[in-house]
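Side-chain atoms are counted along with the backbone in the values below, which use heavy atoms only and exclude waters and symmetry mates.
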Protein chains: 2
Amino acid sequence: MEKNKDAEKDIIEAARKVFITKGFSSATTRDIAKEANVNIAMVHYYYRSKENLFDIIFEEAFKTLISSILDATNSNIALFEKIELIIHNYINTLISNPYLPNFIVNEITQNPERIEKKFKDKDIYNKVFKRLSEDIENETIKGTIREINPISLFMNILSMCIFPFLAKPIFKWVFEFGESYYGELLEERKKIITEFVINAIKKC
Amino acid sequence: MEKNKDAEKDIIEAARKVFITKGFSSATTRDIAKEANVNIAMVHYYYRSKENLFDIIFEEAFKTLISSILDATNSNIALFEKIELIIHNYINTLISNPYLPNFIVNEITQNPERIEKKFKDKDIYNKVFKRLSEDIENETIKGTIREINPISLFMNILSMCIFPFLAKPIFKWVFEFGESYYGELLEERKKIITEFVINAIKKC
DNA sequence: AAATAGTTTAATCAAATGATTAACGCGCAA
DNA sequence: TTGCGCGTTAATCATTTGATTAAACTATTT
C-alpha cells in the first residue's frame with residue numbers, strides 16, 4: 001500500500017460530498033473514509049471529530065451561497081440592472097451548487113445555534129441588504145417603482161431563485177420533467193424571474 | 001402502572017412531533033416512545049418498524065400540504081381571485097404547520113424513491129395545475145394579463161409562499177427578527193404576495 | 001545504519017439504536 | 001375460578017458508529 005500524500009485533501013472532498021448529499025446525521029465517518037479511500041482513523045487523525053469536519057464543510061457552503069449575493073448587491077448600477085445581476089449571479093451559483101440550499105436549510109433548521117456560533121458577523125450580510133434597501137427607496141421617491149417593503153422584495157427574489165432547487169425532486173415528479181429539461185427550466189428562470197420582479201414593481 | 005388505552009394514538013402523535021422536528025435519521029424509536037410515555041417495545045408492537053411509522057407520518061404530512069392547494073385551484077372564480085385564494089389558503093396551512101415544508105423537502109431529497117412508491121396518483125396533482133393553466137391561458141387570450149408560462153407562475157407563487165418558512169431561522173438571524181414579529185411578517189405576506197403576483201402579470 | 005517524527009493500519013471500545021423476546025398482568029368469556 | 005388473548009414491561013441482542021489505541025510503516029535526518 002503506497003502512501004497517499006493527499007489524504008487530508010481527499011478527506012475534505014469526500015466529506016463535502018457525503019455531508020452535502022446525506023446531511024450531518026445520516027453521514028458516517030465510515031462513509032467519508034470510504035469515499036476518500038482512507039482508513040477511518042485518518043479522518044480523526046486529521047480532523048479530530050465528525051463535528052469538526054462538518055463545521056468546515058458547513059462554513060464553506062454557507063459562505064459560497066452568501067457571497068454570491070454580496071458582490072452583485074454592492075455594484076454601482078441602477079436598481080433594475082442590479083436586480084437582474086443578483087438573480088443571474090445567484091442562479092448561476094445554484095446551478096453550480098444545486099445541493100447547497102437543501103444542505104444549508106436542513107442543517108440550520110435542525111441546529112440553529114450553529115449559525116449563531118460560527119457567523120457572528122451578521123452585520124456584513126445585513127449591510128448588503130441595507131444597500132439594496134436604499135436603492136429601492138430612491139427609486140420609490142423618483143416614482144419609477146411602486147411602494148414596496150424592501151424586505152418583502154428581497155424575500156420574494158430569493159424565494160423564486162432558491163425554491164425550485166429545494167423542491168426539484170417534487171416538481172420533477174409532479175410534472176414528469178427529466179433531469180436535463182429541469183436544468184433548462186432553471187436556466188430560463190434567470191430571465192423569467194427578472195421580468196416577473198420588474199413587472200411587479202415598475203410603475204406604469 | 002395503569003393501562004393507557006390510547007397508546008396507539010399517543011405513539012402516532014409522538015412520532016409526528018419527533019419525526020417532523022428531527023427528521024427520519026435523527027429521530028429514534030426511544031425518542032418517540034419517551035414522548036408518548038410508552039415502552040419502546042410498544043412502538044414496534046403497534047407499528048412494526050421505525051420505517052413503517054415514518055411512512056404514515058410522511059404520507060399524512062404530504063397530503064396536508066398538497067390538499068391545501070387542491071381546493072383553491074378547483075374553485076370556480078376569476079383568475080385574480082383564485083390566485084389570492086391559493087396564496088391565502090396555502091399560507092394559512094403553513095402557519096398552522098410551519099415545520100412541514102422542511103420535513104417534506106428534506107425527506108424527499110434524501111429519499112426520492114419514497115414519494116414515487118407512495119404517491120402513484122400524481123395525475124391528481126398534475127390535474128390541479130392544468131386547471132390553473134387553462135385559467136391563465138384564457139386571461140392571456142382576453143388580453144388582461146401578460147403572456148406567462150403557467151409553470152413559471154405556479155413555481156413563483158409556491159416559492160414565495162413556502163420559502164420564508166424554510167429559511168425562517170436564517171432570515172430571523174440576519175434581520176434580527178423576533179419570533180412574534182416573524183409571525184406577523186408571514187401573515188402580511190398573504191397580501192404582499194398576492195399584490196406582487198397580480199402586478200407582475202396584469203397588463204396595464 | 002540508527003534514530004526520529006509523521007503517517008497509516010487493523011483491532012477494539014463504548015455508546016447508541018432498531019428490534020426481539022419472554023414473562024407478566026389485566027380484563028373477560030366459558 | 002380458570003384460561004385465553006391482548007397489552008405492557010424489562011431485559012437483551014445484534015448492528016452501527018464515533019472514537020481510540022498500539023503497532024507498523026515511511027521518509028527524513030544524523
Side-chain angles (χ1 to χ4, degrees), chain A residues 1-61 103 106-107 110-111 113-114 117-118, chain B residues 1-61 103 106-107 110-111 113-114 117-118:
Chain A
M1 180 77 65
E2 64 181 10
K3 284 237 179 184
N4 177 9
K5 289 235 160 197
D6 300 322
E8 190 170 358
K9 210 178 73 181
D10 287 348
I11 292 168
I12 276 286
E13 281 168 10
R16 188 180 300 122
K17 181 173 174 183
V18 174
F19 276 135
I20 289 178
T21 52
K22 294 191 159 191
F24 178 77
S25 60
S26 292
T28 70
T29 51
R30 281 166 178 80
D31 284 337
I32 295 168
K34 196 176 177 186
E35 177 74 32
N37 283 312
V38 139
N39 189 285
I40 316 166
M42 295 284 275
V43 177
H44 293 91
Y45 176 75
Y46 283 111
Y47 297 99
R48 299 265 313 275
S49 70
K50 180 189 175 185
E51 183 112 12
N52 227 31
L53 185 52
F54 177 82
D55 283 346
I56 294 169
I57 303 301
F58 179 80
E59 186 163 355
E60 175 192 287
F103 175 66
N106 275 349
E107 301 300 338
Q110 286 199 17
N111 194 348
E113 308 84 45
R114 203 190 307 273
K117 278 184 200 156
K118 275 274 167 186
Chain B
M1 180 77 63
E2 64 182 10
K3 285 238 180 185
N4 177 9
K5 288 236 161 197
D6 300 323
E8 189 169 358
K9 210 176 74 180
D10 288 349
I11 292 169
I12 276 286
E13 281 168 11
R16 189 180 299 123
K17 181 173 174 183
V18 173
F19 276 135
I20 288 178
T21 52
K22 294 190 160 192
F24 178 77
S25 60
S26 292
T28 69
T29 51
R30 280 164 179 80
D31 285 337
I32 294 167
K34 197 176 176 184
E35 178 72 31
N37 284 313
V38 140
N39 190 285
I40 317 165
M42 294 284 275
V43 176
H44 293 92
Y45 176 76
Y46 282 112
Y47 297 99
R48 300 263 315 274
S49 70
K50 180 188 175 185
E51 184 110 9
N52 227 31
L53 186 50
F54 177 84
D55 283 346
I56 294 169
I57 303 301
F58 179 80
E59 185 163 355
E60 174 192 287
F103 176 66
N106 276 350
E107 301 301 339
Q110 286 198 17
N111 195 347
E113 306 83 48
R114 202 191 306 275
K117 278 184 201 156
K118 275 272 166 185

Quick one: is A:T29 getting a side-chain N or O under 4.0 Å of the D:dT17 phosphate, OP1 or OP2?
no
For B:D31 and C:dA16, give me the distance from atom CG to atom P, rounded to whole Å.
12 Å
Between C:dG6 and A:Y45, is there an OP1 or OP2 to side-chain N/O distance shorter than 4.0 Å?
no
Quickly work out the B:H44 NE2 to C:dT21 P distance and round it to whole Å.
12 Å
Mind calculating the distance between OH (A:Y47) and C1' (D:dG18) to the nearest angstrom?
17 Å
Here the distance between atom C1' of D:dT16 and atom CD1 of A:I32, to the nearest Å, is 15 Å
Check whether any side-chain N or O of B:N52 sits under 3.5 Å from a backbone N or O of B:S49 as a donor-acceptor pair, and report yes or no.
no
Taken to the nearest whole Å, NZ/A:K34 to P/C:dT8 is 20 Å
Candidate pair B:E13 and B:K9, rule side chain to side chain contact (heavy atoms under 4.5 Å, CB included), full reasoning:
CA-CA 6 Å; B:E13 281 168 11; B:K9 210 176 74 180; 3.8 Å; yes
Here the gap from A:I32 atom CD1 to A:I11 atom CD1, rounded to the nearest 0.5 Å, amounts to 9.0 Å
Where each pair must be Watson-Crick or G-U wobble with both distances under 3.5 Å, what dot-bracket representation of DNA chain D is obtained, with crossing pairs in [ ] and other-strand partners as |?
||||||||||||||||||||||||||||||
Considering only nitrogen or oxygen atoms on both sides, find all protein atoms under 3.5 Å from nucleotides 11-13 of chain D and state each distance.
none

Interface residues of residues 13-24 of chain B with DNA chain D (non-hydrogen, below 4.0 angstrom)
none
Are B:I20 and B:I57 close enough that some pair of their side-chain heavy atoms sits under 4.5 Å apart?
yes
Do we get A:R16 above A:F103's six-membered ring, with its NZ or CZ under 6.0 Å from the centre and within 45° of the axis?
no
Across the strands shown, which category fits B:A27 at heavy-atom distances under 4.0 angstrom: base, sugar-phosphate, nothing?
sugar-phosphate
Take the protein atom CG of B:N52 and the nucleotide atom P of C:dT20, then report the distance between them rounded to whole Å.
12 Å
Could you tell me whether B:E51 and B:R114 have a side-chain N and a carboxylate O separated by less than 4.0 Å?
yes
Working note: B:L53 + B:V43, criterion side chain to side chain contact (heavy atoms under 4.5 Å, CB included); need CA distance, chi angles, decisive distance, verdict.
CA-CA 8 Å; B:L53 186 50; B:V43 176; 3.9 Å; yes
Within 45° cone of B:F24 ring axis and under 6.0 Å: B:K50 NZ or CZ
yes
Strictly distance-based, threshold 3.5 Å: is any side-chain N or O of B:E35 a donor or acceptor partner for the main-chain N or O of B:K17?
no
Whole angstrom value for the distance that separates P of C:dT9 from OH of A:Y46:
10 Å
Of the non-hydrogen atoms in B:S26 and A:Q110, which two are nearest, and what is the gap between them?
OG-OE1, 3.5 Å
note: B:M42, atom CE; C:dC24, atom C1'; distance rounded to Å ~ 14 Å
Assert yes or no for the condition that the ring centre distance of A:Y47 to A:F19 is strictly below 6.0 Å.
no
